[in-house]
Student: 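Structure provided below as structure tokens; questions to follow.
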Amino acid sequence: MESAGARRASGGSRNPDVVCEKHLFKGKLPEPLFQLACSYHLCAFPVNLNELCVWNTATAQPLYLSGHHYSISAVSFGSKIDPLLVCSASHERVIVWNLDECTQKVQEGFTPRGIVIGTLLGMVLHVRFSPDDQQVAVCAGNQIYMLSAKVWDYSTSQLIYQSGIITAFPLLSLLIDEESKQIITGCAEGQLWIFSLISDRNYRCIAHIDLKKEQEKFCNKKWKSGKEIGDGQNNSKLCKTDNKTRPEGSVETSFPILLIEHCDFFVCFHNEENTYSSLNTSYFWIGTSTGLLIINLANFELEAFLSYRDYSDLSIRIARSCALTRKAADQKALCLITSMFEDMIAVLEVNLAALVRTQHSDFVPCGNEKSLSVFARCTLLANSPLCKGLKKNMKEPASKIPGVKGTMKDKPLVFHNKIKSSGYTAAPRMTMFSPNTNLKKKEVSKWKISCKCKNKEYPLESYPPIKYEKEISLACKPTPIFCIQYSGDGELLACGLADKTVLIFNSNLTDVHNVFSGHDGAVNSVGWSHDKKWLVSASEDRTLRVWSVCNKEPALILGKENFHKNVHFAQFYFIDTFILLCCGAEFHLLSFHLDTTKDDLKRYKQRSVCKLVQKFPMTSTMEITSLSAVNEFYSYIVLTAGSNRALEVFDLNAGCSTAVIPEAHVRSVHQICQNKGSSFSTQQPEAYNLFMTTAAGDGIKLWDLRTLRCERRFEGHSSRCHPCGIAMSPCGRFIASGSDDKYAYIYEMRSSTFLHKLGRHTESVINVSFSPSSPQLTTATSDGKLRLFLP
């Protein structure tokens with residue numbers, strides 16, 4: 001076998017520090033597509049068709065292992081160092097070798113032997129050890145086999161697990177992730193499947209990723225933002241047609257996934273402040289015939305890619321097989337590739353830090369830039385819309401002239417229908433005074449109850465509410481429940497229905513506290529005030545109403561003359577100082593004053609006052625589809641979603657838009673859910689910067705306000721027919737989602753797959769809500785039924 005020296009790939013206009021060719025080997029290689037292997041300073045690849053060569057890059061000494069009769073098609077190293085195992089597979093057998101024993105046998109003059117763990121499985125395209133080296137996953141054709149790495153269990157003659165046919169194309173690569181307990185496999189057409197390895201989840205598919213589309217999305221994002229892909233690439237050579245970005249004159253080729261391997265993504269920034277996410281995120285290398293990609297397993301998005309053809313000094317432009325080291329040394333990873341058309345094997349050194357910085361420089365934290373935060377970190381500006389609204393709400397004290405007494409104004413005399421009697425005709429009272437001896441006990445009991453409520457804490461380590469408790473129907477005929485929300489103390493639950501009414505229940509759904517009617521259209525939004533005394537509702541009749549929890553008549557009504565389009569969402573803001581509402585492509589900031597007293601002469605005229613402070617238009621959209629802001633504490637941030645599939649962040653202290661996230665989902669976002677916490681629980685301050693979005697047919701995405709990046713994606717529920725709602729638990733550990741399949745799903749924050757499916761629903765679950773005071777969940781269906789779930 002011939003060997004060539006190292007060459008630095010500096011061709012074209014790319015950064016020469018990204019990739020360097022260290023060695024080039026030439027020899028007779030197997031004809032079919034085969035798998036290579038890299039581990040620490042060792043490289044394993046087939047030579048002379050059926051012989052395995054283990055090359056030590058430190059000593060430049062080879063170790064030859066023989067045992068196959070047919071061409072070796074797949075090789076893989078074990079996960080542990082002591083002992084270090086290597087598995088080789090051919091058409092007729094799968095062999096596991098102990099390299100320490102093999103080396104000792106060679107030194108003693110004997111022929112090394114391996115352990116055969118599988119025979120006659122067909123054309124093996126990929127093998128992979130489990131994290132404990134006790135099992136080997138084998139891709140043969142379009143099926144996956146799980147074999148024991150010790151000895152085949154001849155007593156039971158059973159496989160551990162075998163999947164069904166998941167694709168018409170051969171499966172070329174596979175990886176088992178120990179941390180997330182997931183198995184990842186890729187096929188010859190650029191499709192990735194992620195399965196759960198937890199037994200009680202039936203090895204279900206968590207996600208399906210099309211790498212072609214992800215690469216095109218990554219290129220389009222860079223093209224739109226005006227940034228150069230790589231380091232100084234000539235953008236004139238790129239064309240954008242049919243939403244695709246590719247070099248001119250190129251043709252679309254297949255996208256075989258040759259490799260899936262762990263990537264030390266965060267090793268690039270070990271000396272810098274980590275502003276990416278507080279969540280544990282896994283990154284993986286994806287090796288294809290044309291280059292290397294880095295994918296985020298939490299949000300299933302592409303982070304960076306390296307194309308072989310962009311570096312003219314590389315000997316291999318199109319790879320037939322690929323291998324990468326799992327751990328990076330000095331921020332560099334060792335890559336082993338073979339040529340598609342020649343018998344060559346090249347050893348590449350990839351600088352991971354340089355690759356990420358040149359392609360995703362906006363991910364790297366900058367010390368001069370201040371990230372956004374949901375907390376109000378500075379005082380109100382003098383020209384802030386919030387400051388203007390506060391001045392309007394402040395009542396000026398009445399001016400008094402010293403030395404002049406106030407005069408009584410003339411008022412009309414009013415005779416009421418009922419006049420209190422003087423008591424002359426009633427019988428004389430025999431007892432002048434009778435003290436109420438129970439008054440003190442009642443006051444003490446009320447005080448104890450209020451203290452218990454105030455001192456109550458949310459159990460942070462409780463199980464999710466998955467036990468069905470009860471169900472109630474809100475109407476005689478099926479009526480969709482468009483919105484539900486608990487009050488801040490968790491004692492009351494408000495529901496907005498399609499029959500134009502608002503219902504208020506107690507928390508255990510045993511009694512109707514109040515019924516509000518007056519809207520002429522379906523109620524699409526309800527929101528509680530911070531003091532739990534008021535409820536704001538918005539309807540499709542283009543009106544907004546504010547209700548007192550104690551009365552049935554609205555305290556404030558804003559009619560159709562105030563809005564030119566439908567009001568989609570309304571809520572209290574800035575601890576009940578303002579009201580936010582969506583109207584068309586803008587949202588309104590309203591200041592208000594509520595007065596429930598009635599004038600006897602003008603009893604039908606409302607005394608409450610509401611004034612418009614400012615309108616905030618959303619950029620390049622026809623309609624705002626969702627809005628969210630925190631009312632539990634002072635925050636200047638307002639999040640909006642538009643029909644253009646974008647998210648926009650507004651700073652109301654500055655009175656302007658501060659950031660735009662284009663193409664947040666493949667469809668318009670129908671709900672934004674912030675981590676608002678609860679007065680009964682405490683979370684880390686960074687957790688309040690997380691928020692979720694959901695869109696029909698595109699799952700749930702978790703975002704970080706500080707980086708404006710999608711940190712995790714949750715898939716598994718169905719939301720193609722109805723805009724199903726989402727909610728976050730007060731402890732910040734669980735996410736609930738509705739679904740079209742008559743189930744409610746509960747996700748764990750650090751896992752992309754659901755934990756539980758809550759059944760027994762009669763129709764689609766379109767809304768969910770967690771209680772802020774206790775671990776309980778309420779679901780609402782499209783046929784007007786509420787279900788209560790407890791831990």
Side-chain angles (χ1 to χ4, degrees), residues 167 186 189-194 205-225 240-246 252 255 286 293 295-303 305 360 568-569 582 585 618-628 639-649 659-673 690-704 707-726 735 737-741 745 747 752-754 764 766:
T167 177
E189 192 60 19
Q191 307 293 318
L192 275 179
W193 285 269
I194 303 175
C205 181
I206 298 173
H208 171 222
I209 306 173
D210 189 339
L211 287 183
K212 278 186 179 180
K213 293 183 179 179
E214 290 299 325
Q215 184 174 1
E216 290 169 1
K217 186 192 302 181
F218 185 85
C219 294
N220 290 340
K221 181 179 178 182
K222 291 303 176 184
W223 185 86
K224 289 181 180 180
S225 61
K240 183 175 183 295
T241 59
D242 298 329
N243 294 327
K244 296 180 181 180
T245 304
R246 63 169 63 99
E252 185 177 359
F255 206 77
I286 304 295
L293 302 91
I295 196 166
N296 189 330
L297 190 60
N299 57 19
F300 314 132
E301 293 182 357
L302 191 64
E303 301 290 351
F305 75 94
H360 245 305
H568 290 287
F569 186 85
C582 298
M618 189 174 175
T619 307
S620 303
T621 187
M622 297 296 295
E623 187 178 33
I624 294 179
T625 56
S626 183
L627 179 143
S628 180
L639 306 175
T640 60
S643 57
N644 59 346
R645 301 179 297 157
L647 296 175
E648 192 162 356
V649 183
V660 177
I661 306 176
E663 298 180 1
H665 285 264
V666 296
R667 295 185 181 179
S668 301
V669 175
H670 61 256
Q671 185 180 352
I672 303 174
C673 179
L690 300 177
F691 66 95
M692 300 182 301
T693 59
T694 181
D698 198 28
I700 303 171
K701 289 188 177 183
L702 179 68
W703 304 81
D704 193 334
T707 60
L708 298 177
R709 297 184 63 230
C710 176
E711 301 296 345
R712 188 169 292 276
R713 189 168 180 170
F714 305 91
E715 292 186 351
H717 62 282
S718 175
S719 60
R720 293 178 176 86
C721 302
H722 298 89
C724 300
I726 56 177
I735 296 171
S737 173
S739 180
D740 293 334
D741 57 1
Y745 290 75
Y747 294 86
S752 297
T753 182
F754 59 88
S764 300
I766 57 177

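In what follows, residues are counted from 1 in the order of the sequence shown. This structure is a prediction, so every number in the text was calculated from the model and none was measured.
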Student: Please confirm whether the backbone N or O of Thr619 pairs with a side-chain atom of Glu648, one donor and one acceptor, at under 3.5 Å?
Tutor: yes
Student: Any idea how Trp193 and His208 line up, ring-wise: parallel (<30°), tilted (30 to 60°), or perpendicular (>60°)?
Tutor: parallel
Student: Under 6.0 Å between the ring centres of Phe714 and Phe754?
Tutor: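 They do not qualify: ring centres at least 6.0 Å apart.
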Student: Distance only, no hydrogens: is a donor on one side chain within 3.5 Å (strictly under) of an acceptor on the other, for Arg713 and Ser752?
Tutor: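 No, Ser752 and Arg713 have no side-chain donor paired with an acceptor closer than 3.5 Å.
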Student: Does the side chain of Leu192 reach to within under 4.5 Å of the side chain of Asp210, using non-hydrogen atoms?
Tutor: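 Not in contact.
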Student: Do Asn296 and Glu303 meet the criterion of a side-chain donor-acceptor pair at a distance under 3.5 Å?
Tutor: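 Yes - a donor-acceptor pair under 3.5 Å links their side chains.
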Student: Taking C-beta and beyond as the side chain, do Ile700 and Met692 meet within less than 4.5 Å on heavy atoms?
Tutor: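 When only atoms from C-beta onward are counted, Met692 and Ile700 do touch, with a gap below 4.5 Å.
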Student: Within the side chain of Thr625, is there an N or O that forms a donor-acceptor pair under 3.5 Å with the backbone of Ala641?
Tutor: yes
Student: Got Asp704 and Leu690 here, is their nearest side-chain heavy-atom distance under 4.5 Å?
Tutor: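 Heavy-atom side-chain distance check passes, below 4.5 Å.
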Student: Only counting residues at least two apart or in another chain, list the ones meeting side-chain contact (heavy atoms from CB on, under 4.5 Å) with His665.
Tutor: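 For His665, the residues satisfying side-chain contact (heavy atoms from CB on, under 4.5 Å) (neighbours in sequence not counted) are Val669, Thr693, Ala695, Asp698, Lys701.
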Student: Got a donor-acceptor contact below 3.5 angstrom from the Asp740 side chain to the Cys721 backbone?
Tutor: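 Yes, Asp740 side chain to Cys721 backbone: donor-acceptor pair under 3.5 Å.
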Student: To the nearest 0.5 Å, what is the distance between CG on Leu702 and CD1 on Ile726?
Tutor: 9.5 Å
Student: Any side-chain heavy atom of Thr694 sitting closer than 4.5 Å to one from Cys724?
Tutor: no
Student: Say you draw a straight line from NE2 of His670 to OG of Ser719; how long is it, rounded to the nearest 0.5 Å?
Tutor: 6.0 Å
Student: Rounded to the nearest 0.5 Å, how far does CZ of Phe691 lie from OG of Ser628?
Tutor: 9.0 Å
Student: Is it the case that the side chains of Ser643 and Thr621 hold a donor-acceptor pair, with the cut-off being a distance below 3.5 Å and no angle test?
Tutor: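 Judged by distance alone, the side chains do pair up.
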Student: Within the 4.5 Å heavy-atom criterion, are Ile672 and Leu627 side-chain neighbours or not?
Tutor: no
Student: What I want to check is whether the side chains of Thr167 and Glu189 have a donor and an acceptor closer together than 3.5 Å.
Tutor: no
Student: Should the pair Glu216-Lys213 be classified as a salt bridge under the 4.0 Å nitrogen-to-oxygen rule?
Tutor: no
Student: Hey, what do you get for CG (Asp741) to OG (Ser739), rounding to the nearest 0.5 Å?
Tutor: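 So the CG of Asp741 and the OG of Ser739 are separated by 3.0 Å.
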Student: Would you mind reporting whether Tyr747 and His717 have side-chain heavy atoms less than 4.5 Å apart?
Tutor: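 In contact.
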Student: Between Glu301 and Cys710, is there a donor-acceptor pair closer than 3.5 Å when you use the side chain of the first and the backbone of the second?
Tutor: no
